[in-house]
Novice: 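Before we start, here is the structure in question, set down as C-alpha cells.
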Amino acid sequence: MADITKRSEDYSRWYLDVIQAAELAENSPVRGSMVIRPTGFAIWESIQRTLDDKFKELGHVNAYFPLLIPKSFLAKEAQHVEGFAKECAIVTHSRLKSTTKDGKPSVEPDPDSKLEEELIIRPTSETIIWDQFRKWIMSYRDLPVLINQWANVMRWEMRTRLFLRTSEFLWQEGHTAHATAKEARDETLQMLEVYRWFAEEYLAMPVITGPKTPRERFAGAVETFSIEAMMQDNKALQAGTSHDLGQNFAKAFDVKYQTAEETQEYVWATSWGVSTRLIGALIMCHSDDKGLVLPPKVAQRKVVIVPIYRSDEEKELVLNKAKEIAEQLKPVAGFVHIDDRDKMRPGWKFGEWERKGIPIRLELGPRDVGNNETVMATRHDCNKTSVSLDGLAETISEALDRMQKELFETALKRREENTHILETWEEFTTLYNAEGGFSYCHHCGETECEESIQDETKVTIRNIPLHSEDEEGSCIRCGKPSKKRVLFAQAY
RNA sequence: CGGGGCGUGGCGCAGUCCGGCAGCGCAUCUGCUUUGGGAGCAGAGGGCCACAGGUUCGAAUCCUGUCGCCCCGACCA
C-alpha cells in the first residue's frame, strides 16, 4: 500500500489516493467510465436508501425508463438539444461481424445492420419520460405525476475524474408534472430542501441553496436551483440540482390536460437529481491524510472490532467477548464486523480500517477483557480512549451521534473561515489569486459581466443564495447597481 | 480537442541517453518464530516491458502510428 499523498502537497493526487486506498473505485478500460468497488458502492447504497425513503414519504413513486432514446426525441426541446448535443453517445448498428485484421480475429459493426433511426444513450431522461407523460396525463385528475428513477446516464466528457465527473454515472432523476406553475415551483423548492437536508444531516456537509444564474441553468429549465458545498481546497462543488421546467417540455411533447372548467392546458414540470458525484463530495469534505472519513449515518459498517491475542486461550476469550459486544451493539450500530483474520497483526488492521473510514474501531485484548473495558478509536479525530463494557451500547451510540455532529461543525467552521464579504474588484482578485474560498459580492446580473469574471479569474457565480437578503449595492466587477449579493467561488 | 508529463509482475519504481539473459522495494504463497500501531528469518511463485507496425543478427531501449493515465487549458453534474 503506497502512502497517501498529503492534501497540502497535491490535493487532486490526494483525492485519487484516498479512493485507491479505501478501495472505493477504479478506472475501467473504457475511458471515463469507472468500476465502483464494494466499499464505494456501499456508500451509494446508503445514499439511495435514505433518499428513496424520503422521496416515497413525499409521495413519489419509482419507475424505470429505457436507456436508449430515439434521436428525434432529443431534438424536440430546442434548449435541451443544444445543451446535450455535444456529449451524447449514439448507437448506430445492431450487430457485429467477425472479420480478421492483420491475420487476427476481430469484430466490426455489420454495415447491413445500420439502424433506420439512430438511438441516443440517455444523458438524462426528460425526453423519453415526457413522451410517456403525454399518454398518462389526460385530465387534472391525473395530476400531479410524481415519478423518480434510479438509473445510469452517459455524458461524453472530455476530462473525467472518479466520482466527480465520469462519462457514465449513477443517479436518481425525479420527474414531476403539475397542474399549476405554483405547484411546480413548490415541488422544485421542496426537493431542493430535501437535498439540503440530506447533505447536512446525513453527509454532514453544509450547503448553500439557491437559484443558478441563467448561463448555468439546466438546458430546458426555466429556473435551476442547486446546493453548493465547499471542499477542503476551498473550491465549490455543485452537489445536487432541482429544476423548474415550466411548460417547456409539456409544449415540446404536447402534454395537455383537461381542467375542471373543460379547457386544455399544458402541464407544469420539474426535474431534480443527485448522482454518484455525492461520493466525491463526501470524500473531499471530510477525509484526511490517513484516508477516508465517513459520517456515521452514511457508513454501512459503523463499528469494527479488532481482537488482540497471542495464545489460543486468549483468542477464545477475546473472540467470545467480541461476539458478545457485537450482538449488544446491533441495535445502535447495525452489523458489527469482527476482524478475526489471523494472518494480519492488529497494527496493520488499524491502518486498514482507518484508510476505509470506519467511524469507530474497538480494540479488544485480554487485558481489556480482564478490566471489563475496550479501547474505542474514533476515526474523525483519531482519538483513542478506554471505555467500560458496561453500557457500551450507550457509549457507542453517543459517540456516533457526536461524530456526526462534529463532522458537520468542522465542515461548517471551515466554510465560515473561508467565506468573505467583498466590496471591491481588488479584494476579489486578491482573494482568488491566493487561497480562494466563497465570497458574497454584489453582481449586476448580466451574463457578459459574469463571463468576463470567469475569463479573468476562473471564478463563477455558484448560485444566488436563498438566504441572501435584499441590499442595495454595486456590481463587484462593473459597478452597475445590484440588489443582492451572490455566491462566488472557483468550482469543480 | 490543444500543450506538457508518464505507461516495465497486484502497487510504487530503476533500467531507455549509449540495443546484448527483465531487475528492485512493497504485496502474494509456504514454513518457523511472532501478535496492544503497518512483525522477523528462510524459501517460492508471478511480467507479450500499454498496443500495432518498422529498423536490426538481436529491441523495454531506436523509428512510426494508436490507445490509456495524470497535470494545465476550452466543455460539463
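Residue numbering restarts at 1 for every chain, and letters A, B, ... go by the order of the sequence lines.
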Novice: Both distances below 3.5 Å, Watson-Crick or wobble geometry, any strand: find the nucleotide opposite B:U61.
Specialist: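 Base-paired to nothing in any strand shown.
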Novice: When you compare B:A60 with B:U8, how far apart are their C1' atoms, in angstrom units rounded to a whole number?
Specialist: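 To the nearest whole Å, 7 Å.
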Novice: Look through every strand shown and name the nucleotide pairing with B:C17 as Watson-Crick or G-U wobble, where both distances are under 3.5 Å.
Specialist: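 Check on B:C17: unpaired, no WC or wobble geometry under 3.5 Å.
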Novice: Measuring only the C1' atom in each nucleotide, how far is B:G68 from B:G31? A whole number of Å is fine.
Specialist: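 These two C1' atoms come out 42 Å apart once rounded.
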Novice: As a test of understanding, state which of A:Val194, A:Thr209, A:Thr188 forms a side chain to side chain contact (heavy atoms under 4.5 Å, CB included) with A:Ser242.
Specialist: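 Exactly one pass, corresponding to A:Thr188.
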Novice: Do A:Phe218 and A:Phe84 make the cut of ring centroids closer than 6.0 angstrom?
Specialist: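 Yes - the distance between ring centres of A:Phe218 and A:Phe84 falls below the 6.0 Å cut-off.
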Novice: Indicate every side-chain donor-acceptor pair of residues 384-392 of chain A with a distance under 3.5 Å to a residue at least two apart or in another chain.
Specialist:
{"unit_1": "A:Lys384", "atom_1": "NZ", "unit_2": "A:Glu363", "atom_2": "OE1", "d": "3.1"}
{"unit_1": "A:Lys384", "atom_1": "NZ", "unit_2": "A:Glu363", "atom_2": "OE2", "d": "3.0"}
{"unit_1": "A:Ser388", "atom_1": "OG", "unit_2": "A:Asp390", "atom_2": "N", "d": "3.0"}
{"unit_1": "A:Asp390", "atom_1": "OD1", "unit_2": "A:Asn372", "atom_2": "ND2", "d": "3.3"}
{"unit_1": "A:Asp390", "atom_1": "OD2", "unit_2": "A:Asn372", "atom_2": "ND2", "d": "3.2"}

Novice: When the P atoms of B:G5 and B:G65 are considered, how many whole Å apart are they?
Specialist: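 Looking at atom P only, B:G5 and B:G65 are 16 Å apart.
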Novice: Just call it for A:Phe169: base, sugar-phosphate, or nothing, with non-hydrogen atoms closer than 4.0 Å on any strand.
Specialist: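 Result for A:Phe169 = base.
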Novice: Would you say the rings of A:Trp272 and A:His60 are close, in the sense that their centroids are separated by under 6.0 Å?
Specialist: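 Centroid distance A:His60-A:Trp272: below 6.0 Å, so yes.
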Novice: Does B:A22 have a Watson-Crick or wobble mate here (both distances under 3.5 Å), and if so which one?
Specialist: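 Its partner is none (no Watson-Crick or G-U wobble pair with both distances under 3.5 Å).
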Novice: Write down the distance between CG (A:Asn463) and P (B:A77), rounded to a whole number of angstrom.
Specialist: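 Going from A:Asn463 (CG) to B:A77 (P), I get 14 Å.
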Novice: Take the protein atom OH of A:Tyr492 and the nucleotide atom P of B:C75, then report the distance between them rounded to whole Å.
Specialist: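 After rounding, the gap between these two atoms is 19 Å.
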Novice: Applying the Watson-Crick and G-U wobble criteria at under 3.5 Å, what pairs with B:U56? Answer none if nothing qualifies.
Specialist: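 The base-pairing partner of B:U56, which may sit in any strand shown, does not exist here.
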Novice: Please report the distance, rounded to the nearest Å, between CD in A:Glu352 and P in B:A27.
Specialist: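 After rounding, the gap between these two atoms is 14 Å.
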Novice: Rounded to the nearest angstrom, tell me the gap between atom CG in A:Asp233 and atom P in B:C71.
Specialist: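 Taking atom P of B:C71 as the reference, CG of A:Asp233 is at 12 Å.
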Novice: Between protein and nucleotides 31-37 of chain B, map the contacts as a letter string: B base, S sugar-phosphate only, - none, heavy atoms under 4.0 Å, written 5' to 3'.
Specialist: ----BBB
Novice: Please measure how far the C1' atom in B:U66 lies from the corresponding atom in B:G9, and state the result in whole Å.
Specialist: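 Rounded to whole Å, the distance is 25 Å.
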Novice: Between A:Phe488 and A:Phe428, does the ring centre distance come in under 6.0 Å?
Specialist: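 For A:Phe488 and A:Phe428, the ring centres are under 6.0 Å apart.
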Novice: Let me spell it out: for each of A:Leu164 and A:Lys349, pick the nucleotide of RNA chain B with the closest heavy atom. Which residue's pick is nearer the 5' end?
Specialist: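 Of the two residues, A:Lys349 wins.
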Novice: Using atom C1' in both nucleotides, what's the gap between B:A59 and B:G19 to the nearest angstrom?
Specialist: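 Approximately 6 Å lies between the C1' atom of B:A59 and that of B:G19.
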Novice: Can you tell me the distance, in whole Å, between the CG atom of A:Asp455 and the P atom of B:G73?
Specialist: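 Distance, rounded to whole Å: 13 Å.
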Novice: Report the residues that fulfil ring pair (Phe, Tyr, Trp, His ring centres under 6.0 Å) with A:Trp268, sequence neighbours left out, ordered by chain and then residue number.
Specialist: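 A:Trp268: no ring pair (Phe, Tyr, Trp, His ring centres under 6.0 Å) contacts found.
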Novice: Which value, in whole Å, describes the distance between the P atoms of nucleotides B:G15 and B:G73?
Specialist: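 Looking at atom P only, B:G15 and B:G73 are 30 Å apart.
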Novice: So what's B:A44 paired with, Watson-Crick or G-U wobble, going by both distances under 3.5 Å?
Specialist: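 B:U28 - that is the nucleotide pairing with B:A44, both distances being under 3.5 Å.
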Novice: Taking atom P in both B:G23 and B:G47, what distance in whole Å separates the two?
Specialist: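 So the two P atoms sit 13 Å from each other.
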Novice: Using whole Å, report how far CE of A:Met34 lies from C1' of B:C69.
Specialist: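 It works out to 16 Å between those atoms.
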Novice: Have a look at A:Thr124 and say if it touches a base, only the backbone sugar-phosphate, or nothing, with a 4.0 Å heavy-atom cut-off.
Specialist: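 It contacts nothing in the nucleic acid.
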Novice: State whether A:Phe169 and A:Arg277 meet the cation-pi test: NZ (Lys) or CZ (Arg) under 6.0 Å from the six-membered ring centroid, and within 45° of the perpendicular axis.
Specialist: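 The answer is no, since A:Arg277 fails at least one limit relative to A:Phe169.
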Novice: In whole Å, measure the gap between the C1' atoms of B:G20 and B:C49 for me.
Specialist: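 16 Å, rounded to whole Å.
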Novice: In whole angstrom, what separates A:Arg161's CZ from B:C72's C1'?
Specialist: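 In whole Å, B:C72 C1' lies 12 Å from A:Arg161 CZ.
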Novice: Which part of the nucleic acid, if any, lies within reach of A:Leu237 when heavy atoms closer than 4.0 Å are counted: base, sugar-phosphate only, or nothing?
Specialist: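 Since no nucleic acid heavy atom lies under 4.0 Å of A:Leu237, the category is nothing.
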Novice: Who passes salt bridge (Lys or Arg N to Asp or Glu O under 4.0 Å) against A:Lys6, sequence neighbours left out?
Specialist: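 Checked A:Lys6 against salt bridge (Lys or Arg N to Asp or Glu O under 4.0 Å); zero matches.
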Novice: Any idea which of B:A74, B:C75, B:G38 is nearest the A:Glu157 side chain?
Specialist: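 Nucleotide nearest to A:Glu157's side chain: B:C75.
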Novice: With sequence neighbours excluded, what pairs up with A:Arg477 under the salt bridge (Lys or Arg N to Asp or Glu O under 4.0 Å) test?
Specialist: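 Counting only residues at least two positions away or on another chain, A:Arg477 forms a salt bridge (Lys or Arg N to Asp or Glu O under 4.0 Å) with A:Glu456.
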Novice: Determine the contact category for A:Gly280: base if any of its heavy atoms lies under 4.0 Å from a base atom, sugar-phosphate if only primed atoms, P, OP1 or OP2 are that close, otherwise nothing.
Specialist: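 Counting heavy atoms under 4.0 Å across all strands, no contact is made by A:Gly280.
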Novice: Classify the nucleic acid contact of A:Ser275 as base, sugar-phosphate or nothing, counting any heavy atom under 4.0 Å across all strands shown.
Specialist: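 Base contact.
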Novice: Given that both distances must come in under 3.5 Å, which nucleotide forms a Watson-Crick or G-U wobble pair with B:A39?
Specialist: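 Looking at the geometry, B:A39 pairs with B:U33.
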Novice: Hey, is the side chain of A:Arg159 poking within less than 4.0 Å of OP1 or OP2 on B:C72, counting only N and O atoms?
Specialist: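 True: A:Arg159 side-chain N/O within range (under 4.0 Å) of B:C72 OP1/OP2.
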Novice: Measure from CG on A:Leu16 to P on B:C11 and round the result to the nearest Å.
Specialist: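 That distance rounds to 15 Å.
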Novice: For B:G68, give its Watson-Crick or G-U wobble partner with both distances under 3.5 Å, or none.
Specialist: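 Its partner is B:C6 (Watson-Crick or G-U wobble, both distances under 3.5 Å).
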Novice: Could you note down all residue pairs passing salt bridge (Lys or Arg N to Asp or Glu O under 4.0 Å) where residues 76-92 of chain A supplies at least one of them, sequence neighbours left out?
Specialist: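 Not a single pair qualifies under salt bridge (Lys or Arg N to Asp or Glu O under 4.0 Å).
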